[in-house]
Amino acid sequence: MKAGIITIHNSPSYGASLQSFALWKYITLQGIDCEIIDLHRPYQKDYVPSQKYKPYSIQNNKPSLKAKVKGLIRRLFAVERHFYTDLSKQRFDKFNSVVKYSRPYLGIDDLYQNPPEYDLYITGSDQVWNPFQPYCLEPYFLTFAPKGKRCISYAASIGISELPENVKVDFKKWIAHYDSIAVRELSAKRILDNITDKSISIVCDPTFLLTGAQWREIAVYPETKQKYILVFSLGKNTQLLDYATKLSQESGLQVLVVGMKNKSDEDKPYTIIDDAGPGEFLGYIANATMVITDSFHGTVFSIIMEAENFFTYISPDNKRGSRITDLLETLDLKDHLLYTSLSTSFSNLNSLIINREKTSYFIEKMKEESVKYLNENLK
């Protein structure tokens with residue numbers, strides 16, 4: 001059997017790189033010849049735009065000024081946020097190169113004109129079905145797959161709680177040819193249940209398909225022997241940095257921040273880690289005394305890598321926080337959500353000890369149905 005995955009991959013993002021690797025690795029370990037379809041995206045320099053396949057942000061074939069500005073910011077932010085240094089980029093490239101890819105598709109038109117041939121086509125995880133992505137979503141619904149080929153999704157995420165009416169029409173049309181559909185969040189299931197009669201399963205993020213031991217083999221551990229609080233924020237949240245500084249003053253622990261370094265970080269009471277690739281990211285989480293994050297995958301790997309403790313902040317304006325609350329509720333770890341006031345003391349946080357045995361039980365229970373769904377579709 002030969003399988004192809006389309007997902008957000010080969011990316012300057014820890015979450016995207018690790019989740020795409022996880023699904024590819026798990027399927028490969030089942031003895032299947034699997035590769036990720038190398039469809040390029042707008043932030044890549046060699047990306048070729050399409051006149052036919054366009055993102056929802058572009059209306060009437062002309063992007064608004066607001067859409068142009070937002071698109072530019074997102075492209076710049078995607079690069080700056082993660083490609084911190086040349087060494088970091090090299091480490092991302094090295095990690096991503098482990099995965100087997102199809103030939104490069106520099107644009108969507110090329111993909112539809114010359115689609116790769118597989119026995120099974122898979123829409124992978126991450127926010128592949130989020131209509132606010134800065135690129136056309138249609139390929140992520142596998143509409144390029146030759147007619148009659150088997151198509152499934154695994155842990156696809158929509159990322160928002162409600163779809164605009166025009167998007168609903170497209171989604172209903174695009175999912176009609178799927179043989180099996182599995183999403184990552186309850187909110188996504190609710191959306192799809194309203195537009196299709198197909199059965200929608202909920203499965204875990206693909207990062208949970210690999211064991212902690214398998215991830216630890218990949219991790220690159222930091223040389224520091226000092227205990228530390230690790231901060232990982234998708235947008236370098238200043239509130240979280242200030243809060244981590246307060247926790248540092250209370251505990252005496254140093255603060256390490258995985259993120260882009262800029263002039264505003266000079267003379268700050270924390271250290272920026274700006275050269276970490278995905279392996280180093282895992283290692284810093286695994287060795288942390290406490291992780292403070294606002295990231296879904298920051299939360300996921302704090303659990304998988306068994307950081308001594310972790311806490312996740314969901315800001316009031318975060319419209320994608322449901323995926324974090326759903327996960328923590330499933331694993332009975334909802335007390336590891338931070339209050340929006342960010343006022344809990346270090347001693348109170350540190351008193352919330354993680355019951356590893358119970359957490360492992362819930363992970364295995366969550367994973368059991370996910371593995372069953374995937375293995376049945378891989379036969």
Side-chain angles (χ1 to χ4, degrees), residues 1-39 82 91-104 116 118-128 140 142 150-157 180 182-184 201 203-221 276-283 285-286 295-306 327 360 363-364 366-379:
M1 179 185 249
K2 190 171 184 180
I5 303 168
I6 191 163
T7 187
I8 301 172
H9 71 290
N10 199 13
S11 170
S13 159
Y14 298 111
S17 290
L18 292 164
Q19 68 82 20
S20 57
F21 168 84
L23 185 57
W24 168 81
K25 183 69 173 178
Y26 178 84
I27 294 174
T28 300
L29 289 172
Q30 310 315 304
I32 292 169
D33 182 5
C34 181
E35 61 186 28
I36 290 179
I37 299 167
D38 191 18
L39 176 61
H82 296 294
R91 287 170 169 170
F92 265 100
D93 290 343
K94 183 179 178 181
F95 178 85
N96 291 330
S97 69
V98 173
V99 176
K100 182 181 179 183
Y101 300 101
S102 71
R103 73 149 173 102
Y118 306 110
D119 301 299
L120 176 66
Y121 293 78
I122 305 169
T123 295
S125 189
D126 224 341
Q127 296 189 47
V128 286
Y140 296 87
L142 302 174
R150 185 166 177 79
C151 296
I152 70 168
S153 72
Y154 181 84
S157 177
S180 292
V183 294
R184 195 175 63 186
S201 302
V203 292
C204 65
D205 189 83
T207 51
F208 285 108
L209 295 174
L210 303 184
T211 65
Q214 287 171 311
W215 285 118
R216 282 188 283 275
E217 287 178 6
I218 296 167
V220 179
Y221 294 88
E280 290 76 16
F281 175 72
L282 296 176
I285 288 178
S295 154
F296 174 77
H297 282 108
T299 304
V300 166
F301 282 106
S302 295
I303 296 166
I304 292 175
M305 301 304 292
E306 296 189 348
L327 173 65
S360 296
I363 289 175
E364 288 306 311
M366 175 179 68
K367 183 177 171 180
E368 186 179 336
E369 287 301 312
S370 303
V371 166
K372 181 182 177 183
Y373 168 87
L374 197 49
N375 287 353
E376 284 179 351
N377 281 288
L378 292 175
K379 288 179 181 177

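To the nearest 0.5 Å, atoms CG (Leu378) and CD1 (Ile32) are separated by 4.0 Å. Here the straight-line distance linking atom SG of Cys151 with atom CG of Leu120 works out to 7.5 Å at 0.5 Å rounding. The distance from the NZ atom of Lys367 to the CG atom of Leu374 is 11.5 Å, given to the nearest 0.5 Å. Note: Asn10 CG to Phe95 CZ = 11.0 Å, rounded to the nearest 0.5 Å. Residue Trp24 holds its CH2 atom at 8.0 Å from SG of Cys34, rounded to the nearest 0.5 Å. Rounding to the nearest 0.5 Å gives a distance of 11.5 Å between CD of Gln30 and CE of Met1.
What you find for Gly298 and Ile285 is that their closest heavy atoms are O-CD1, 4.4 Å. The shortest heavy-atom contact between Leu18 and Pro278 is CD2-CB, 3.9 Å. Nearest heavy-atom pair across Leu209 and Cys204 is CD2-SG, 4.4 Å. Ala155 and Val203 make their closest contact through N-CG2, 3.4 Å (heavy atoms, listed as atom of the first residue, atom of the second, distance).
Under the rule for a salt bridge (charged side-chain N to carboxylate O under 4.0 Å, His left out), Asp126 has no partner lying at least two apart in sequence or in another chain. The side chain to side chain contact (heavy atoms under 4.5 Å, CB included) check on Ser20 picks up Thr7, His9, Ile36, with sequence neighbours excluded. Qualifying side-chain hydrogen bond (donor to acceptor under 3.5 Å, both in side chains) partners for Ser180, counting only residues two or more places apart in sequence or in other chains: Asn377. By the side chain to side chain contact (heavy atoms under 4.5 Å, CB included) test, Ala22 pairs with Pro206, Thr207, Leu210, Trp215, sequence neighbours left out. Considering only residues two or more places apart in sequence or on other chains, Gln214 meets the side-chain hydrogen bond (donor to acceptor under 3.5 Å, both in side chains) condition with Thr211. Residues passing the ring pair (Phe, Tyr, Trp, His ring centres under 6.0 Å) test with Tyr140 are Tyr135, sequence neighbours excluded. Judged as a side-chain hydrogen bond (donor to acceptor under 3.5 Å, both in side chains), and not counting sequence neighbours, Tyr154 has no contacts. Arg91 is linked by a salt bridge (charged side-chain N to carboxylate O under 4.0 Å, His left out) to Asp275, Glu280, counting only residues two or more places apart in sequence or in another chain. Taking Ser201 as the reference, Ala182, Tyr373 meet the side chain to side chain contact (heavy atoms under 4.5 Å, CB included) condition, with sequence neighbours excluded. For the side chain to side chain contact (heavy atoms under 4.5 Å, CB included) test, residues two or more places apart in sequence or in another chain that qualify with Ser102 are Glu35, Ile37, Asp38, Tyr105, Tyr118. A search for side-chain hydrogen bond (donor to acceptor under 3.5 Å, both in side chains) contacts involving Tyr101 returns nothing, not counting sequence neighbours.
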Subject >> Chi angles and distances behind the side-chain contact (heavy atoms from CB on, under 4.5 Å) call for Ile27, Ile5 >> reply: CA-CA 10 Å; Ile27 294 174; Ile5 303 168; 3.9 Å; yes
**OP:** Please lay out, stage by stage, how Leu39 and Ile6 fare under the test side-chain contact (heavy atoms from CB on, under 4.5 Å).
**Re:** CA-CA 8 Å; Leu39 176 61; Ile6 191 163; 4.0 Å; yes
Original post:
What do the steps show when you test Tyr14 against Leu282 for side-chain contact (heavy atoms from CB on, under 4.5 Å), and what is the final call?
Top reply: CA-CA 9 Å; Tyr14 298 111; Leu282 296 176; over 6 Å; no
**OP:** In sequence, state the C-alpha distance, the side-chain angles, and the governing distance for Ser370 and Phe208, and then conclude on side-chain contact (heavy atoms from CB on, under 4.5 Å).
**Re:** CA-CA 9 Å; Ser370 303; Phe208 285 108; over 6 Å; no
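Residue pairs meeting the salt bridge (Lys or Arg N to Asp or Glu O under 4.0 Å) criterion with at least one member in residues 10-33, sequence neighbours excluded: Asp33-Lys100.
Between Gln127 and Phe296, every side-chain heavy-atom pair lies at or beyond the 4.5 Å cut-off. Counting heavy atoms from C-beta outward, Ile218 and Val98 have side chains that stay 4.5 Å or more apart.
A distance-only check finds no donor-acceptor pair linking the side chain of Ser125 to the backbone of Asp205 [under 3.5 Å].
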